[in-house]
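These notes concern the structure reproduced below.
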Amino acid sequence: MTATAHVEACLAQIAARDGEVAAFLHVDAAGARQRAAWLDARADGSAPLHGLTIAVKDNIAVAGQPLTAGSRMLAGYVPARDATVVTRLLAAGAVLIGKTNLDEFGMGSSTELSGFAPTRNPLDLARVPGGSSGGSAAAIAADMAWAALGTDTGGSIRQPAAFCGLAGLKPTYGRVSRSGVVAYASSLDQVGPLAKTVRDVARVYAVLAGHDALDATSAVQPVQPVQWRDDLAGLRVGVAREHLDDAVGLDSQIQARIHAALDALRARGAVLVPISLPHTRHGIAAYYLVATAEASANLSRYDGLRYGARAPNPATLDALYTHSRAASLGREVQRRILLGTFALSAGFQDAFYQKACRVRRKIAEDFQTAWRSCDVLLGPTSPVPPWLLGQMTADPLAMYLMDAFTVGPSLAGLPALSVPVGVDAQQLPIGAQLVGQPFQEAMILAVGDVLQRAFAPEAT
Ligand code: GLN
């Protein structure tokens, strides 16, 4: 297949389905066609992502294309340069097809909190695609792109991957450059790929990973190549009781499916090791304090002067700030700025932010203890299947609780991969989360590939 034929097939899917799915905020049809034609005519086809279409979450800069981060605050902004991850994709021969929808600034778990329109799950249009990288996941599930970039602060790659029947990798904190990515919570944010198979995720990951001098938090460790395997002889798979049999609010079909996944790993030679992550139940509280505190600092730049939409005719400087922010930031973003500002304020910082940082350290220590007896961890990605649009929006806390299994690895900075492991009785996809030791992406990708092929032998 030529790059042009592949691009035309994706554009045809966008034309046919994106009116109802709303995966994209911006489609660069002309740019994608032009690049595909250039690749077909000039390139020798040897680049690792030659001619493959990639959709980019709209909090990642692509030069010359609008960037909104899902917020009306940034409407009309067009970045002048590419994020480092985009530079790497282009150098690897990829074709960028467009910018995908997200919860405003990445704050949400359903893509209903986009400042523009909610994205729908292409597998069931009444349901959410997950979030905040819901547009990226929906674009792949509807065959509008081969793969996509997402960002993950507390689950935003893994959970939409699970909700749309895809694989999605959140790399180790610092593994992938964030230069040119809109900051949400800087001690947690990571960029990573989503695709239909673990092998495709690995192909994009290999292009993205590695040190970048433009990102001060970028890690210098060498990137390990993946050794694909067929058996898992001797692999020790940790099973945390707090993520499975003692988990609060875990759907029974998902629980059964994760047990089936564990059986599949054991059948291929893995040894299951029961472990405990005793601070799991404090994860949501710690995450939503750390993330909102950092968000309140990061989002202070959108003041209508330095960055962001400016309210017309303010009477005073203070009025300019408050009117600009009140007019252009959504309710959930405002709630989080208020929460985070409160958690950092004089007199409350010790009780809230500092305490959350201490809990975060305890959660990281839980994982360090687990690594003494196991090589990877396996559990559910989400406690529930994709919910109906509108079902959760009235109760922000209920939606926060849906991140119960993904925030722990984020707080600990660990790599984590969601792998599709089948469907429930309503044909809704179920994802399993594999968590690895720092910089052991190659390990969880190899195990995830074995796991995916155990349920979908064609997924190579
Ligand atoms: N749902 C979580 C939040 O709203 C995680 C989002 C993300 O990873 N960007 O913060």
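When a ligand or atom number is given, it counts from 1 through the structure's own listing order.
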Q. Applying a strict 4.0 Å limit to heavy atoms, is Met399 in contact with ligand 1?
A. no

Q) For atom 2 (C) of ligand 1, which protein heavy atom lies nearest, and how many Å away is it? A) Asp403 OD2, 3.1 Å

Q. Is it the side chain (CB and beyond), the backbone, both or neither of Tyr400 that lies under 4.0 Å from ligand 1, heavy atoms counted?
A. neither

**Q.** Interfacing atoms of ligand 1 (cut-off 4.0 Å, heavy-atom, Met107)
**A.** 4 (O)

Q | Donor + acceptor pair across side chains of Thr68, Lys99 (<3.5 Å) | A | no

Q. Hey, which atoms in ligand 1 end up nearer than 4.0 Å to a heavy atom of Gly154?
A. 5 (C), 7 (C), 8 (O)

Q.
Is a donor from one side chain sitting under 3.5 angstrom from an acceptor on the other, for Asp28 and Gln65?
A. yes

Q) Do Ser418 and Thr381 meet the criterion of a side-chain donor-acceptor pair at a distance under 3.5 Å? A) yes

Q: State if Ala291 counts as touching ligand 1 under the rule of any non-hydrogen atom under 4.0 Å.
A: no

Q) Salt bridge or not for Lys362 and Asp366, using N-O below 4.0 Å? A) no

Q: Can you pull out the closest protein heavy atom to atom 9 (N) of ligand 1? Residue, atom name and distance to 0.1 Å, please.
A: Ser156 OG, 2.7 Å

Q) Got an N/O contact under 3.5 Å between Thr151 and ligand 1? A) no

Q: Give the intermediate values and the outcome of side chain to side chain contact (heavy atoms under 4.5 Å, CB included) for residues Leu194 and Ile157.
A: CA-CA 7 Å; Leu194 301 91; Ile157 290 172; 3.9 Å; yes

Q.
Taking Asp424 first and then Arg257, would you say they form a salt bridge - that is, a charged N and a carboxylate O separated by under 4.0 Å?
A. no

(Q) Show me which atoms of ligand 1 lie under 4.0 Å from any heavy atom of Asp152. (A) 8 (O)

Q) How close does the nearest protein non-hydrogen atom get to atom 5 (C) of ligand 1, and which residue and atom is it? A) Tyr287 OH, 3.3 Å

Q. Is Glu332 touching ligand 1 with its side chain, its backbone, both, or neither, if touching means heavy atoms under 4.0 Å apart?
A. neither

Q. Do Arg361 and Glu365 sit within salt-bridge range, that is, some charged N less than 4.0 Å from a carboxylate O?
A. no

Q: Establish, from distance only, whether the side-chain atoms of Thr151 and Asp189 form a donor-acceptor pair under 3.5 Å.
A: no

Q) Between Lys196 and Asp143, is there a salt bridge with N-O shorter than 4.0 Å? A) yes

Q) So, does Tyr288 sit close enough to ligand 1 that a heavy atom of it is under 4.0 Å from the ligand? A) yes

Q | Proximal atoms of ligand 1 relative to Gly106 (non-hydrogen, under 4.0 Å) | A | 6 (C), 7 (C), 9 (N)

